[in-house]
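Remember, it's 1-based here, ligands and their atoms both numbered in the order they're listed. Just so it is clear, the values below take in all heavy atoms, side chains as well, and ignore hydrogens, waters and symmetry mates.
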Amino acid sequence: ADEELESIPLPLPSSSTSSRECKWSDTNPYTSKKKLQSWFQLSNGNWELVKIITTSASETVISLSDGKVLKVKDESLVPANPDILDGVDDLMQLSYLNEPSVLYNLQYRYNQNMIYTKAGPVLVAINPFKKVPLYGNDYIEAYKRKAIESPHVYAITDTAMREMIRDEVNQSIIISGESGAGKTETAKIAMQYLAALGGGSGIEYEILKTNPILEAFGNGKTLRNDNSSRFGKLIEIHFSETGKISGANIQTFLLEKSRVVQCNEGERSYHIFYQLCAGAPPSLREKLNLQSVEDYKYLSQSNCYSITGINDAEEFRIVMEALDVVHISKEDQENVFAMLAAVLWLGNISFAVIDNENHVQAVEDEGLFSVTKLIGCDIEDLKLTLTTRKMKVGNDNIVQKLTLSQAIDARDALAKSIYACLFDWLVEQINKSLAVGKRRTGRSISILDIYGFESFNRNSFEQFCINYANERLQQHFNRHLFKLEQEEYLQDGIDWAKVEFEDNQGCLNLFEKKPLGLLSLLDEESTFPNGTDLTFANKLKQHLNSNSCFKGERDKAFTVSHYAGEVTYDTTGFLEKNRDLLHLDSIQLLSSSTCHLPQIFASQMLTLSEKPVVGALHKSGGADSQKLSVATKFKSQLFQLMQRLESTTPHFIRCIKPNNLQSPGSYEQGLVLQQLRCCGVLEVVRISKSGFPTRMSHQKFARRYGFLLLESVASQDPLSVSVAILHQFNILPEMYQVGYTKLFFRTGQIGVLEDTRNRT
Ligand code: ATP
Ligand code: MG
């Protein structure tokens, strides 16, 4: 609808507007006395609540909030809910479930600091970008006692906890959303609640302290989020029979290594580097020959050293304390810091060209000396590793000199590998400290905080992997909320009108099909010595052009139709990032070290290398470590993750970012809408509204509530008992259905029974 086009000033009619002329709700008790309201889309895309003055067969006259009166086509209006429904805490309660009504409801609540809203079984959380008074012990206590009913992370975590204890089934809390939407904060809020409820042994304190550590080493400032997680994380918290936390285990996914050696203008590398430089005590500073951040090339390239409101030195103190709590010895801590300093100094190593073929040698400066000392290796070995490559040709060992760009690549690859190994090693140590003694199945709650769907102007290998992961997660979400739900209704023979939903199986096939899928073709090309990003892109176009989710683009690009929209990927760097090769020379260098950590890292790298497949030969023909490709490893991690999640009862939290400025108080409708569409919130509400989300087998129902019966039942079979209970509690027929094996209830129906049971 175009407001300008229709803008014809009209005299305001008297209030005698007949409600009969209106298409909807003259029977609606809430609006019959008022002027009817509707949603009208302005030319800027925002929706405005307008009053309907008159309607005729094809046209409606409306008045805008500024008093302007317009004549518009009927199709451009969308029904609005009565005022009494303003700000309902579950979108399911809305009479009209259209996009503007949902947007308005969320905004109405958001403006009053009610950042949480239910969308049927899903919790929607809108990032407030400011402190909101919703957390802390008083709130935790209130949610525990069920004294507050408003939607909250605490409430959904409480449900998970109760269901775990009631059903003895593992639970999961799956948090998704774009970068900056609040996933990590939400995960921490859930962990706080679990720690408060299941605490006592002290291990909960350790679990909470893993957050500052992992954030220091795995988060950095990006243009979208000052504290952006550059890895995915699943934390599985285990409980004892009495509901107390007994231990935990953390799994991480695909750390963005490239950030260590390169990041964009205005972004930062991992927080820990800045924290170390700002907060290291003098003795450590001297030992590691630490300088200030500006002196390190890896940190200075992006021209961004600090984050508003953050004191890196203070953060360093917090991290050191946390490392103590998770039992990382002072000695190991020092080793960790030495590795960080080694990475920083590696970036400062420079090369001098020595001949007219661009071959180089490493310059003997502070960088080289510091790295030698910090890694604990021989200076000549280091120089050779960075500037030459040993190769086997026939039976002869020969040494090839590297060019400037090859040497820089070798140096950066070493820095990235050291950092990635350090990160994995830290997680391993944390897991040892949190280890669960005796595990019981059905007694755990996993919290998943994983990068959301990404679509930038330029999308590379990282986005390719991240978006693939999101397709998998989206399918899991769909399966649980739509597919499995409806299949269960059908199986149990209840009346049910099918709800359609977006199935993303086609896109997953595009990624996973063998041998002609994106991942297989990528791996295949990565093993070819002569494969390049261009030959890869051409292969995709050749084999996948008939796939409806795929479109070849100009040059080296291709487009995938994801569930959340189309993304065009630039294949530049795909093969190299997928191969992720580290020269054997570099691994040998680390294993020759006199220090503890480099030796461990070298053996980590070697075990990885023993596995077959990709990267047998590098372009230059040099012998490199053979290992699993990054994409293949990621895929198998993802499959394991999905398997684990499938054995749990899932609880979904969808985080929404209300603006791109990281600023409180601004709610951009278009941005919110796009995120709501991406994650299928509206469909979920629709299905929940018409569906029966609560279910229980006849037996369980009879067993659980049978004792509440006031009169005895003639037949003792579970179904008869169940029906008697339903009658006694006056559960209306439209509120439940009796299936072959289970009873199905609409939302909220079982509450009375539970309350009575708990009081009895
Ligand atoms: P990424 O994918 O980049 O890791 P994310 O979804 O994990 O992003 P967070 O780091 O959790 O996003 O949130 C970004 C910022 O938003 C936080 O640093 C914090 O300032 C603010 N924020 C998020 N949730 C809340 C909340 N519940 N209360 C107050 N501030 C919040
Ligand atoms: Mg995060």
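What sits closest to atom 11 (O) of ligand 1 on the protein, heavy atoms only, is E185 N, 2.9 Å. Remark: minimum distance from atom 29 (C) of ligand 1 to any protein heavy atom is reached at K130 O, 3.0 Å. In terms of protein heavy-atom proximity, atom 20 (O) of ligand 1 is nearest to F129 CD2, 4.9 Å. Protein heavy atom nearest atom 8 (O) of ligand 1, with residue, atom name and distance: G180 N, 2.8 Å. Here the protein heavy atom with the shortest distance to atom 5 (P) of ligand 1 is K183 N, 3.5 Å. If you check which protein heavy atom lies closest to atom 28 (N) of ligand 1, you get P128 CG, 3.4 Å. For atom 15 (C) of ligand 1, the closest non-hydrogen atom on the protein side is N127 ND2, 3.9 Å. For atom 27 (N) of ligand 1, the nearest non-hydrogen atom of the protein is Y135 OH, 3.0 Å.
In R224, neither the side chain nor the backbone holds a heavy atom less than 4.0 Å from any atom of ligand 1. Residue-level proximity to ligand 1 for S179 is carried by backbone and side chain together, each with a heavy atom below 4.0 angstrom. With a heavy-atom cut-off of 4.0 Å, K131 does not touch ligand 1 at all. Within the 4.0 Å heavy-atom criterion, neither part of F231 lies near ligand 1.
Close contacts of ligand 1 with N227, meaning ligand atoms under 4.0 Å from a residue heavy atom, involve 10 (O). Within ligand 1, counting atoms from 1 as listed, the ones closer than 4.0 Å to a heavy atom of E178 are 6 (O).
Because its NZ or CZ atom is both nearer than 6.0 Å to the ring centre of Y274 and within 45° of the ring axis, R268 counts as a cation-pi partner of that residue.
Under 3.5 Å, the side chains of E471 and H562 contain a donor-acceptor pair of N or O atoms.
Distance check: E265 CD to N303 CG gives 4.5 Å after rounding to the nearest 0.5 Å. Note that the CG atom of L426 and the CD atom of Q333 stand 9.5 Å from one another [nearest 0.5 Å].
Residue C655 places no heavy atom under 4.0 Å from ligand 1. The closest approach between a heavy atom of Y451 and any atom of ligand 1 is not below 4.0 Å.
Counting heavy atoms only, N225 comes closest to atom 1 (P) of ligand 1 of the residues I115, I466, N225, T184.
In summary, D570 and R458 engage in a salt bridge, as defined by a charged side-chain N under 4.0 Å from a carboxylate O. A salt bridge is absent between K657 and E668; no separation between the charged side-chain nitrogens and carboxylate oxygens falls under 4.0 Å. Salt-bridge formation is not detected for the pair E576/R579: no Lys NZ or Arg NE/NH1/NH2 atom is positioned less than 4.0 Å from an Asp or Glu carboxylate oxygen. The residues K416 and D412 are annotated as not salt-bridged, no charged nitrogen and carboxylate oxygen being separated by less than 4.0 angstrom. Ion pairing between a basic and an acidic side chain is recognised when a charged N comes within 4.0 Å of a carboxylate O; D580 and K257 show such pairing.
Under 2.8 Å from the Mg ion (ligand 2) lies no N/O/S atom of N225, from backbone or side chain alike. Checking S229 against the Mg ion (ligand 2), an N/O/S atom falls under the 2.8 Å cut-off.
Taking the ring centroids of F461 and F634, they lie at or beyond the 6.0 Å cut-off. Taking the six-membered ring wherever Trp is involved, the centroid distance between the rings of F231 and Y270 does not fall below 6.0 Å. A centroid separation of less than 6.0 Å is found between the aromatic rings of F652 and F477.
Protein heavy atoms are found inside the 4.0 Å sphere centred on atom 24 (N) of ligand 1.
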